[in-house]
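Written below as structure tokens is the structure these notes are about.
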Amino acid sequence: MSDANTTNFINPSTFILLGIPGLEAAHIWISIPFCAMYFVHCFSTMESGILVAMAFDRYVAICRPLRYSTILTNSVVAKLGLAVVLRSAILTLPYPFLTRRWPYCRTNIIPHFYCGHISVVKLACADISVNSYYGLVNLFSVIGMDLFFIAVSYTQILRAIFRLPTKDARLKTFRTCISHLCAIVILYIPDLFSSLIQRFGHNVPRHFLILITSVYQLVPPMLHPIIYGLTGMIGKGKKRGFYRYVSNKKKLSESG
């Protein structure tokens, strides 16, 4: 890094993202903090809302299968999508305004590879308790509310599954939820751990902190196609086996 990047600044308009430890010299990333910060947190909140909508979809598909097409119409799906987007946009909006309140006089170097809210305000020369409290309230209200609705949906789903007559039918029905449950686990656990460790892990090594935030930001989007792809392949394989079984049985009955 050059000397220009380590000089103290007063309210800089841009920040330097160091990136991944060991690769700082190869990646000198410029960030306009308030704009980038808004979209990072907005899309993260949106992802959580999508999981809630998917839980509702699973509930209708399993508990109300005959009314699926009448309940989840195009209009209802569009309204659910709009609600997810608006909630994310509104809850994230205070972040850039709260961040712009403070004077920045230490440095413009952010020791991360993305422009997070708490990473920026830690560079402020002021008491950032308000930002920290709002971030925690936002985190627990979003995750708490979303997990509540997901839990309600899966409580009803499990009740419907256990009412099915055979073990095979119960397993087949439950398999349709596995990909969604995996997506929930890989999103919420790193999210909670990353947010708490950034606020309270004052003695945590920087490389470990960046590793955790990297897992939270990069691993869920990378794993989603793999999870849903494998689930789809398994489902198609079972369907082919079923059709092959029916076809063979039909041939045997005709030959007999």
Side-chain angles (χ1 to χ4, degrees), residues 42-92 139-192 216-250:
C42 186
F43 288 138
S44 297
T45 307
M46 206 178 296
E47 188 175 7
S48 180
I50 290 172
L51 290 179
V52 178
M54 292 171 66
F56 180 65
D57 172 81
R58 290 294 82 212
Y59 161 75
V60 177
I62 294 174
C63 300
R64 301 288 186 271
L66 300 179
R67 298 182 57 196
Y68 183 87
S69 59
T70 58
I71 294 175
L72 288 178
T73 61
N74 291 335
S75 174
V76 171
V77 172
K79 289 176 182 177
L80 285 174
L82 182 61
V84 169
V85 172
L86 287 178
R87 186 191 72 157
S88 304
I90 293 170
L91 290 177
T92 311
L139 173 71
F140 286 110
S141 62
V142 169
I143 293 181
M145 181 170 62
D146 290 354
L147 285 178
F148 171 76
F149 287 120
I150 290 172
V152 170
S153 296
Y154 272 98
T155 300
Q156 299 300 317
I157 287 170
L158 290 174
R159 290 178 61 186
I161 288 175
F162 287 129
R163 284 198 294 263
L164 293 175
T166 64
K167 181 180 178 180
D168 187 54
R170 290 194 290 268
L171 287 175
K172 286 181 178 178
T173 306
F174 183 72
R175 285 194 194 104
T176 64
C177 303
I178 290 177
S179 55
H180 182 238
L181 291 172
C182 290
I184 291 171
V185 170
I186 64 174
L187 175 69
Y188 288 124
I189 292 179
D191 186 7
L192 276 171
Y216 162 56
Q217 291 292 333
L218 301 178
V219 171
M222 291 170 60
L223 288 182
H224 285 168
I226 297 174
I227 291 171
Y228 288 101
L230 288 175
T231 305
M233 290 173 61
I234 293 171
K236 288 180 181 178
K238 290 183 179 296
K239 287 181 181 178
R240 291 195 195 100
F242 174 75
Y243 293 143
R244 195 178 299 115
Y245 168 76
V246 172
S247 177
N248 292 337
K249 190 174 182 180
K250 187 177 180 182

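In this text the structure is predicted, and so the values were computed from the model without any measurement. Scope of the values below: all heavy atoms of this structure, side chains included, with no hydrogens, waters or symmetry mates.
The nearest pair of heavy atoms linking T176 to S179 is O-OG, 4.4 Å. For T45 against R87, the heavy-atom pair with the smallest separation is O-NH2, 3.5 Å. Summarising the geometry of D146 relative to G49, their closest heavy-atom pair is OD2-N, 3.8 Å, with the distance given to 0.1 Å. Closest non-hydrogen pair, Y68 versus V60, comes out as CD1-CG1, 3.6 Å.
Residues V185 and L181 form no side-chain contact, since every pair of their non-hydrogen atoms from C-beta on lies 4.5 Å or further apart. Side-chain contact check for V142 versus L91: some heavy-atom pair is nearer than 4.5 Å. Between L51 and M54, some side-chain heavy-atom pair lies under the 4.5 Å cut-off.
Remark: Y59 engages no residue in a ring-ring contact (aromatic ring centres under 6.0 Å, His included) (not counting sequence neighbours).
Applying the side-chain contact (heavy atoms from CB on, under 4.5 Å) test between L164 and each of I62, T173, L171 identifies T173 as the sole match.
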### Task
Please lay out, stage by stage, how V52 and I150 fare under the test side-chain contact (heavy atoms from CB on, under 4.5 Å).
CA-CA 6 Å; V52 178; I150 290 172; 4.2 Å; yes
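Atom CD1 in I90 sits 5.5 Å away from atom CG in L86 (nearest 0.5 Å). Interatomic distance, CD1 of I157 versus CZ of R58, reported as 7.5 Å (0.5 Å rounding). Of the inter-residue distances, the one linking S48 atom OG with F43 atom CZ reads 15.0 Å to the nearest 0.5 angstrom. Atom OG of S88 sits about 8.0 Å away from atom CD1 of I50, to the nearest 0.5 Å. Distance check: D57 CG to L72 CG gives 5.5 Å after rounding to the nearest 0.5 Å. Annotation: the span from Y154 atom OH to H180 atom NE2 amounts to 5.0 Å, rounded to 0.5 Å.
Applying the salt bridge (Lys or Arg N to Asp or Glu O under 4.0 Å) test to pairs two or more places apart or on separate chains, those with a residue in residues 148-171 are D168-K172.
Around OH of Y188, the count of heavy atoms belonging to other residues, nucleotides or ligands within 6.0 Å exceeds 12.
Remark: side-chain polar atoms of T92 are not paired, donor with acceptor, to backbone N or O of A89 under 3.5 angstrom.
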